[in-house]
Amino acid sequence: MKQQYHNYTAEDLLVWKTLFDRQMINLRTGASRAFLDALETIGFRNDKIPHFQETADILGAHTGWVLEVVPSIIPQKDFFELLAQKKFPATTWLRKMKQLDYLEEPDMFHDVFGHVPLLSNQAYTNFFIGMANLALKHADNPKAIELLGRMYWFTIEFGLIREAGQLKVYGAGILSSSGETLFSLGDKPAHPDFDVRKVMQSTFRTDVFQEKYFVIESFEALYESLPEIELVLEEELSLAL
């Protein structure tokens, strides 16, 4: 599949611009410095829907990643196989104006605006690939995939990072949601420090804001937690027998 760039409509551009402008109001102060720097590196702007080949050229110069067009959510094994090859699966369709605030499945704004900028950050992508390889190692074990899914959820999708003593957003699920950006940094949810075992023991719902957001200290520390993730995974799997 390829991105059919000429098929985008005036409504598509309006949706992209509306979501982009609305999010940047929150993210200029709420997003991690790493994301804001990456957004500048990748060159996304409000008046142009990203062109996948242009984006891949920029990513290639920084970390070697490319974008792989997919129609929608793909099977977990296929997803992790692509990540292990430095290919990020992304949809090319955008929600309608009447769907600005909620979709049952991720569209291009989530996939591309939320995920892609940080693919230019080497420390972040090191963790991404490490998680993918670990998932592939246990691809035939549903329990292992469930536990690794929690790790992915509470980091890549809904993670926070501490910068200069302040909580900032780096998870794509938050970065692409104006409501959750504000909520995640507020007083209502818990903000526990990142702990591998606690993450793996934490369930989540996909249809509501999260009750807690784990906080990392750096992407380097997150990458360095991979051996512990594998160790705790094995321990949790043995307890489940």
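Source: prediction; values computed, not measured. If you read the sequence from its start, that first residue is 1, and numbering goes on from there.
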- prompt: Below 4.5 Å, heavy atoms only, C-beta onward: do Leu36 and Met24 meet side chain to side chain?
  reply: yes

message: In the structure I gave you, are the side-chain heavy atoms of Tyr124 and Tyr170 within less than 4.5 Å of one another anywhere?
response: yes

message: Name the residue from Phe209, Trp153, Tyr152 that meets the ring-ring contact (aromatic ring centres under 6.0 Å, His included) definition with Phe204.
response: Trp153

Main-chain N/O of [Y] paired to [X] side chain as donor or acceptor, under 3.5 Å:
{"X": "Ser177", "Y": "Glu180", "result": "yes"}
{"X": "Gln23", "Y": "Ser178", "result": "yes"}
{"X": "Thr55", "Y": "His51", "result": "yes"}
{"X": "Gln3", "Y": "Pro50", "result": "yes"}
{"X": "Ser218", "Y": "Ala221", "result": "yes"}
{"X": "Ser120", "Y": "Pro117", "result": "yes"}
{"X": "Gln210", "Y": "Val208", "result": "yes"}

Will you find, in the side chains of [X] and [Y], an N or O donor that is under 3.5 Å from an N or O acceptor?
{"X": "Lys212", "Y": "Ser202", "value": "yes"}
{"X": "Glu68", "Y": "Gln85", "value": "no"}
{"X": "Gln122", "Y": "Tyr223", "value": "no"}

message: Among residues at least two apart in sequence or on other chains, which ones pass salt bridge (Lys or Arg N to Asp or Glu O under 4.0 Å) with Asp195?
response: none

message: Can you tell me how far apart CG (Leu167) and CG (Leu185) are? Round to the nearest 0.5 Å.
response: 6.5 Å

Spacing of Thr18 atom OG1 and Phe109 atom CZ [to the nearest 0.5 Å]: 10.0 Å

- request: Could you label the plane-to-plane angle of the Phe20 and Trp16 rings as parallel, tilted or perpendicular, counting under 30° as parallel and over 60° as perpendicular?
  value: tilted

[X], [atom1]: over 12 other non-hydrogen atoms inside 6.0 angstrom:
{"X": "Asp207", "atom1": "CG", "result": "yes"}
{"X": "Glu211", "atom1": "CD", "result": "no"}
{"X": "Glu40", "atom1": "CD", "result": "no"}
{"X": "Lys198", "atom1": "NZ", "result": "no"}

Salt bridge or not for [X] and [Y], using N-O below 4.0 Å?
{"X": "Asp193", "Y": "Arg162", "answer": "yes"}
{"X": "Glu163", "Y": "Lys168", "answer": "no"}
{"X": "Asp101", "Y": "Arg95", "answer": "no"}

Which donor-acceptor pairs under 3.5 Å do side chains of residues 141-148 form with protein atoms, sequence neighbours excluded?
{"residue": "Asn141", "atom": "OD1", "partner": "Lys143", "partner atom": "N", "Å": "3.0"}
{"residue": "Asn141", "atom": "OD1", "partner": "Ala144", "partner atom": "N", "Å": "3.2"}
{"residue": "Glu146", "atom": "OE2", "partner": "Arg150", "partner atom": "NH2", "Å": "2.7"}

- request: Apply salt bridge (Lys or Arg N to Asp or Glu O under 4.0 Å) to the pair Asp107 and Lys96, showing each step before the final yes or no.
  value: CA-CA 10 Å; Asp107 71 341; Lys96 300 300 182 183; over 6 Å; no

When the side chains of residues 87-94 are checked against the rest of the protein, which donor-acceptor pairs come out under 3.5 Å, sequence neighbours left out?
{"residue": "Thr91", "atom": "OG1", "partner": "Met108", "partner atom": "N", "Å": "3.3"}
{"residue": "Thr91", "atom": "OG1", "partner": "Asp111", "partner atom": "OD2", "Å": "3.0"}
{"residue": "Trp93", "atom": "NE1", "partner": "Pro71", "partner atom": "O", "Å": "3.4"}

